[in-house]
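Please read the structure below before turning to the comments.
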Amino acid sequence: MIHSALLVALSLAGAEAANAAPKMAEMPAGWEACGGVAKAGMNDCAVKTSLHSCVGQSKTDNEADSYVFLPKGLCAKIAKGAVLPITKDDLAKMKEMMMKKM
């Protein structure tokens, strides 16, 4: 009986995960998208031309098109860091596009 309940719970959790909205980090106010500094798998998102869609999907360190959100001004202080012109509107559009693909 306990075995069956566990199997049902795991099945429901798996179905919920499969139908979950794509993860996408929110850009805090006063922060900016900094490309080229994220460790593999640790990015907040990526630009539209990237080979992956978003959060935690960068395959190598320092991908130029994968970014992390940093407080404004910090990215310019990091070697190879590049401030990307990403706005909250861009993020909303990207999230909408990802939802349509599902």
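Note that the structure is predicted; figures quoted are calculated from it, not measured. In this chain, numbering begins with 1 at the start of the sequence shown.
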key: Taking every non-hydrogen atom, the tightest pair across Ala40 and Asp61   = N-OD1, 2.7 Å
remark   = For Trp31 and Lys72 the tightest heavy-atom approach is O-CE, 3.7 Å
request  = Indicate the atoms forming the closest heavy-atom contact of Leu84 with Ala64, along with that distance.
outcome  = CD1-O, 4.2 Å
query = Heavy-atom distance under 4.5 Å between the side chains of Tyr67 and Asn43, does that happen here?
reply = no
Gap between atom CD of Glu32 and atom SG of Cys75 - 0.5 Å precision = 5.5 Å
task = Hey, could you give me the OG/CD distance between Ser66 and Gln57, rounded to the nearest 0.5 Å?
result = 9.0 Å
inquiry  = So which atom in Lys88 and which in Ala29 form the shortest heavy-atom distance, rounded to 0.1 Å?
reply    = NZ-N, 4.1 Å
ask   = When clusters are formed from ILVMFWY side-chain contacts under 4.5 Å, directly or step by step, what else is grouped with Val83?
value = none
message = Rounded to the nearest 0.5 Å, what separates atom SG in Cys34 from atom CG in Asp44?
response = 10.5 Å
note = Value for OG1 (Thr60) from NZ (Lys39), rounded to nearest 0.5 Å, stands at 11.5 Å
inquiry  = Can you list, by chain and residue number, the hydrophobic cluster partners of Ile78 when the side-chain cut-off is 4.5 Å?
reply    = Val37, Val68, Leu70, Leu74
